[in-house]
Amino acid sequence: MKKLSNTNMELPYDKTNARSIEAYAKQLLDKSLHDIFGDDIVHVRKGKGKFGQLVEELYFKYKPNSDALPDFPEAGVELKTTPMKEIKKGYVPKERLVFNIIDYEKEYQYSFPQSSFWKKNALLLLMFYLYEEQKLDVDYIFKIIRLWRFPVADLKIIKDDWEKIVAKIKDGKAHELSEGDTLYLGACTKGANSETTRSQPFSEVPAKQRAFSLKPKYISFIINKSLTEAEVLIDEREYEDLLQVGEPSVSYIRKKLDNIEPVVKEVSDYKKGETFEDLVVRKFKPYYGYTEKQLTQEFQIDTKAKNKFEIVAKAILGVKNKKIEEFEKADVLMKTIRLEENGSIREHMSFRQIQFNDIVNEDWEESTWYWELNRKFFFVVFQKDANGILKLDRVLFWNIPEKDFDILEEVWNDTKMKIANGDFTHFIKASENKIGHVRPKGRNSDDKMLAPNGTMQKKKCFWLNKTYIKAAIS
DNA sequence: GCATGATCATGC
DNA sequence: GCATGATCATGC
């Protein structure tokens, strides 16, 4: 990184040096702003919000910028202050990590190395603090502070994600962008409300304002890695091939977190022009036409589990008995689909149980079901042949088109309202053709859960209609 | 044949 | 012990 000016003597760190900035930041570890600045800060700080700006101005003593350069331009470091919350299993991200807003009018003009995202966010200084509801923000304790570069294998996926987002802009479809379009780097809505829009260059249709973002599952990975491993800051030079036009040839063996294993062991596993999704489909193709029996024999799988096809799928991807790292980090939802001889789907697709006492306090875009739906699906499709034998037909990645979320929101709102009103008998049915519906999901009809009105009610869940799934995969 | 309610095998 | 992902069973 080129030095633009001499070190500013007034600052308690060398603003041209990423390690110096990091070292200064780390003095906040296990401390709050209150600890550093004393009681005076509590008086000037009554409300919440803009906590990140406070850290920048007060602690780093510089004015935050929202321009195209990183926060510390001379060092190429972008500061991100982001909350975690504590659950039984440890720390988890409280929300997405949101980067710069996507300027549809400009972003498409760049290649990835020149993109607004990469220019600003290639090197991050992450400051994770523990969010606690009852606390003032100045009392939040910082728990993880570190420089972060994306591992090379992740950067490959992020670059492809960026290309997908830009391809939609170029196609005049910025209004159809959705978080489910991409794996790690998402385009999440950002604005006062969902009506906040921006113009796009190749269509008259206003598009929702969106920002680049990382999904909580990916941030979890950063947190876990930061807490369990000795710190490794990837050398910038390892990116060189990836940031050229052309194909990556970098050989980079990935480290494993305990229970997850990547499909892609080295970036050179990719064939020319392949995305991660392409690669996965390629791995499955040799097994198209295999029967259930052939697959379980081939991979020596002996289980009666109803998710045995998922076990098969993992085996095909070379990730036996572990979780698929890329699917975990991208929060991909694997679902098996069984087609009848005539191609119709036998069953609707179930989701998690509805927590009756939670849903009544949720908003749609933060609801459990929305999070389940607003992601990439991986369908493993089996079809019965003329003799009624189930064979692997094909696999595909899919996500719910942006336009369909309005109807799903209706279904969700209707359900929430009925639960709040104590009506457990008139949920939206599959026959109403609203894409989704509500049906039982329990051990048996005695399996019940406490509802807001104090009664015990049969456990239920949301389902996606099989007709909808059928259309999606056709 | 399909909608709906009911239930199962497993992992954690 | 229970949620998950999935499938079964009945009745119209």
Side-chain angles (χ1 to χ4, degrees), chain A residues 87-90 92 217 220 224 257-260 292 295-296 301-315 319-324 327-328 331-359 367-369 371-373 375-384 388-390 392-393 395 398 411 414-415 418 423-451 456-471 473:
Chain A
I87 60 167
K88 280 178 197 163
K89 293 178 200 164
V92 292
K217 280 294 182 83
S220 270
N224 292 337
L257 280 181
D258 281 352
N259 197 32
I260 60 174
E292 181 185 337
L295 284 170
T296 49
I301 291 161
D302 181 24
T303 175
K304 285 178 185 166
K306 287 183 178 177
N307 70 343
K308 70 179 158 198
F309 296 130
E310 190 181 339
I311 298 169
V312 169
K314 283 182 188 173
V319 185
K320 212 172 177 180
N321 300 322
K322 293 211 174 185
K323 291 181 174 178
I324 300 167
F327 281 26
E328 289 297 306
D331 207 10
V332 171
L333 185 58
M334 190 190 297
K335 289 279 189 185
T336 49
I337 296 172
R338 268 174 56 177
L339 301 178
E340 298 295 294
E341 292 93 326
N342 65 6
S344 68
I345 296 183
R346 192 179 150 88
E347 303 291 346
H348 305 290
M349 185 173 286
S350 69
F351 290 84
R352 288 213 285 263
Q353 283 175 0
I354 299 170
Q355 302 298 314
F356 297 136
N357 278 311
D358 291 345
I359 189 174
S367 71
T368 309
W369 199 36
W371 277 96
E372 279 194 280
L373 296 174
R375 66 213 283 206
K376 189 72 82 184
F377 289 72
F378 180 64
F379 291 149
V380 182
V381 185
F382 288 86
Q383 179 159 14
K384 277 187 186 167
I389 295 171
L390 218 47
L392 179 62
D393 186 62
V395 298
W398 175 79
V411 175
D414 180 87
T415 306
K418 282 172 181 157
D423 178 0
F424 291 86
T425 48
H426 299 96
F427 292 125
I428 288 174
K429 299 174 174 183
S431 54
E432 293 176 51
N433 277 320
K434 299 242 186 214
I435 300 182
H437 64 277
V438 175
R439 271 203 358 269
K441 185 190 206 182
R443 276 207 70 69
N444 54 45
S445 57
D446 293 327
D447 195 10
K448 294 179 179 176
M449 183 191 293
L450 188 64
M456 297 299 286
Q457 296 292 337
K458 286 181 205 170
K459 292 175 181 172
K460 310 249 179 189
C461 79
F462 287 106
W463 300 71
L464 281 182
N465 297 354
K466 57 188 178 185
T467 47
Y468 179 66
I469 301 296
K470 169 71 179 145
I473 65 169

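Values below: all heavy atoms of this structure, side chains included; hydrogens, waters and symmetry mates excluded. Since we're looking at a predicted model, the values are computed, not measured. Naming: A, B, ... by sequence-line order, numbering from 1 per chain.
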Name all pairs fulfilling the salt bridge (charged side-chain N to carboxylate O under 4.0 Å, His left out) condition that reach into residues 456-468 of chain A, sequence neighbours left out, sorted by first residue then second. A:D447-A:K459
Which residues satisfy the salt bridge (charged side-chain N to carboxylate O under 4.0 Å, His left out) test with A:D358, sequence neighbours excluded? none
Suppose we screen for salt bridge (charged side-chain N to carboxylate O under 4.0 Å, His left out). Which residues come up paired with A:K470, at least two apart in sequence or across chains? none
Contacts of A:S220 that satisfy side-chain contact (heavy atoms from CB on, under 4.5 Å) - sequence neighbours left out: A:P93
Which pairs, protein N/O on one side and nucleotides 1-4 of chain B N/O on the other, fall under 3.5 Å?
unit_1, atom_1, unit_2, atom_2, d
B:dT4, OP1, A:S431, OG, 3.0
B:dT4, OP2, A:A430, N, 3.0
B:dT4, OP2, A:S431, N, 3.1

Quick one: list whatever passes salt bridge (charged side-chain N to carboxylate O under 4.0 Å, His left out) with A:D331, sequence neighbours left out. A:K217, A:R375
Who passes side-chain contact (heavy atoms from CB on, under 4.5 Å) against A:K384, sequence neighbours left out? A:R338, A:E340, A:E341, A:L390
Estimate the overall bend of the helix from B:dG1-C:dC12 to B:dC12-C:dG1 from the end axes over five pairs each, rounded to 10 degrees. 20°
Apply side chain to side chain donor-acceptor pair (under 3.5 Å) to A:Q457 and list each qualifying residue two or more places apart in sequence or on a separate chain. A:T455
Using the side chain to side chain donor-acceptor pair (under 3.5 Å) criterion, which residues pair with A:S431? Sequence neighbours excluded. none
So if I take residues 456-464 of chain A and measure heavy-atom distances to DNA chain B, which residues fall below 4.0 Å? A:K458, A:W463
Checking A:R439 now: which residues fulfil salt bridge (charged side-chain N to carboxylate O under 4.0 Å, His left out) with it, not counting sequence neighbours? none
